[in-house]
Each structure stands twice: as C-alpha cells, then as structure tokens.
Amino acid sequence: MQWTFTLEQLPEIAGAFWNYFGDKQVFTLNGPMGAGKTTMIKALCAAKGVADATASPTFSIINEYGYLDPQGKPRRIYHLDLYRLKDENDAISAGVEDTLYQDAISFVEWPDVIAPLLPPDTIHLQLEVLPDQKRVLREISASDK
C-alpha cells in the first residue's frame with residue numbers, strides 16, 4: 001500500500017486508508033519531525049467522524065477521541081506521541097500498553113520505544129515528504145523501520 005498526495009487531497013486519502021485497512025486497530029506512524037504525522041492522524045480521525053478537536057499529544061502523551069461506528073455504537077481512537085518517553089517503563093507508566101489492547105483504534109507516533117509491546121498485527125506506516133512538498137504514506141514491514 002502506498003499513497004502520494006497533497007494536503008488538499010488528505011480527506012480523500014483518509015477515506016481510501018479506511019477502505020483499505022477497514023478493521024485494523026493499531027498503527028505506528030514513522031516519519032521525520034515536521035512530516036505531517038499529526039496532520040495525517042487528524043484527517044484519519046475526521047474520516048471516522050471524530051467531532052472533537054484533534055491535536056498533538058506531545059505533552060499529554062495520549063489523546064482520546066470518540067466517534068460513532070456505522071451502526072451508531074460509540075468507539076474510541078487513541079493518538080499516542082511517544083517522542084518524550086525514555087523507555088518501555090516510561091510507556092507502561094503512562095498507560096500506553098492499555099490503549100494498544102482495547103477494542104479501539106490506536107495511532108502511535110515515535111513507536112520505537114514500545115516495539116516489544118506492540119500487538120503482532122500492528123500496521124507499520126512511513127510518512128515521507130517529497131521535494132515538491134507532496135507526502136508519501138506507505139505500509140512498511142516491521143523489519144523495514
């Protein structure tokens with residue numbers, strides 16, 4: 001899976017993302033600082049119907065958002081930004097592990113610190129900025145990270 005897009009195309013890409021990944025729940029998002037990881041996650045949340053304002057959880061580490069699934073059932077999305085965590089123990093103390101094993105969607109920025117905690121079916125994504133300022137979002141294998 002790979003998409004190349006502009007900022008204006010983000011809502012369309014978010015819809016395509018959910019059509020492709022349907023029932024998957026845990027996603028890591030790798031990319032350099034400023035690549036647009038949080039912007040991508042905001043678009044993915046909006047495509048699910050999240051009405052709350054979404055923001056980077058750099059200081060809170062975990063943000064939680066609610067939405068309704070197609071059957072009208074309340075669901076949750078967790079957005080984790082682990083940039084400031086030192087190690088796996090910091091992550092466990094912050095409650096990171098709890099978000100990964102719920103019936104909820106989790107997006108994890110800067111996931112390397114918790115690699116051993118990730119479920120085996122985690123989807124690993126890479127976001128890159130091209131010279132023309134377009135972005136490329138692609139699925140990578142765990143060994144490519």
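Predicted model only: the values in this text are computed from it and were never measured. Only heavy atoms go into these numbers, but all of them, side chains included; no hydrogens, no water, no symmetry mates. Positions are given from 1, in the same order as the sequence printed here.
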Gln71 meets the side-chain contact (heavy atoms from CB on, under 4.5 Å) criterion, sequence neighbours left out, with Asp69
Minimal heavy-atom distance between Ile114 and Ala91, with the atoms involved, is CG2-CB, 3.3 Å
One should read off an interatomic distance between Ile61 CD1 and Leu85 CG, to the nearest 0.5 angstrom, of 4.5 Å
For Leu130, the hydrophobic cluster (side chain heavy atoms closer than 4.5 Å, chained through members) also holds Val136
In this structure, CG of Leu82 is separated from CG of Asp90 (nearest 0.5 Å) by 10.0 Å
query: Are Val129 and Leu125 connected in the hydrophobic side-chain network, where two residues link if heavy atoms are under 4.5 Å apart?
result: no
Residue set satisfying ring-ring contact (aromatic ring centres under 6.0 Å, His included) with Phe17, at least two apart, ordered chain then number -> Phe21, Phe27
For Glu128, the salt bridge (Lys or Arg N to Asp or Glu O under 4.0 Å) test, sequence neighbours excluded, returns Arg138
Closest heavy-atom pair, Ala14 versus Ala43, reported as atoms and distance to 0.1 Å, is CB-O, 3.5 Å
Sequence neighbours left out, cut at 3.5 Å: what donor-acceptor pairs do the side chains of residues 101-108 make with other protein atoms?
unit_1: Tyr101; atom_1: OH; unit_2: Leu117; atom_2: O; d: 2.7
unit_1: Gln102; atom_1: OE1; unit_2: Arg76; atom_2: NH2; d: 2.6
unit_1: Gln102; atom_1: OE1; unit_2: Tyr78; atom_2: OH; d: 3.2
unit_1: Gln102; atom_1: NE2; unit_2: Asp98; atom_2: O; d: 3.2
unit_1: Asp103; atom_1: OD1; unit_2: Gln25; atom_2: NE2; d: 2.9
unit_1: Asp103; atom_1: OD1; unit_2: Arg75; atom_2: NH2; d: 3.3
unit_1: Asp103; atom_1: OD2; unit_2: Arg75; atom_2: NH1; d: 3.0
unit_1: Ser106; atom_1: OG; unit_2: Thr99; atom_2: O; d: 3.1

Contacts of Leu7 meeting side-chain contact (heavy atoms from CB on, under 4.5 Å) (sequence neighbours excluded), chain-then-number -> Leu10, Thr39
For Trp110 and Met33 the tightest heavy-atom approach is CH2-N, 4.0 Å
Here the gap from Thr28 atom OG1 to Asp112 atom CG, rounded to the nearest 0.5 Å, amounts to 8.5 Å
Check the pair Ile13, Arg135 against side chain to side chain contact (heavy atoms under 4.5 Å, CB included), reporting the backbone distance first and the verdict last. CA-CA 11 Å; Ile13 295 303; Arg135 298 320 196 245; over 6 Å; no
Report the C-alpha separation of Leu44 and Met40 in whole Å, then their side-chain angles, then the decisive distance to 0.1 Å, and conclude whether the side chain to side chain contact (heavy atoms under 4.5 Å, CB included) test is met. CA-CA 6 Å; Leu44 293 169; Met40 182 81 222; 4.1 Å; yes
To the nearest 0.5 Å, atom NE2 of His79 lies from atom CG of Asn63 at 7.0 Å
Residues passing the side-chain contact (heavy atoms from CB on, under 4.5 Å) test with Ala46, sequence neighbours excluded, are none
#### Entry: Path from Ile123 to Met1 over hydrophobic side-chain contacts below 4.5 Å
yes
The reported gap from CG in Leu29 to NE2 in His124 (rounded to nearest 0.5 angstrom) is 12.0 Å
Quick one, Asp121 and Val26 - any side-chain contact, counting heavy atoms below 4.5 Å?
no
Original post:
For Pro32, does its backbone N or O pair with a side-chain atom of Lys37 as donor and acceptor, under 3.5 Å?
Top reply: yes
Nearest heavy-atom contact between Cys45 and Ile77 is SG-CG2, 3.9 Å
Evaluate the side chain to side chain contact (heavy atoms under 4.5 Å, CB included) criterion for residues Leu100 and Leu118: first the C-alpha distance (whole Å), next the side-chain angles of each, then the deciding distance (0.1 Å), finally the verdict.
CA-CA 7 Å; Leu100 302 174; Leu118 292 168; 4.1 Å; yes
Could you walk me through whether Trp3 and Glu12 satisfy the side chain to side chain contact (heavy atoms under 4.5 Å, CB included) test, starting with their C-alpha distance in whole Å, then the side-chain angles of each, then the deciding distance to 0.1 Å, before giving a yes or no?
CA-CA 11 Å; Trp3 290 286; Glu12 176 186 332; over 6 Å; no
In this structure, CD of Glu64 is separated from CG of Leu80 (nearest 0.5 Å) by 10.5 Å
Residues passing the side-chain hydrogen bond (donor to acceptor under 3.5 Å, both in side chains) test with Glu8, sequence neighbours excluded, are Thr6
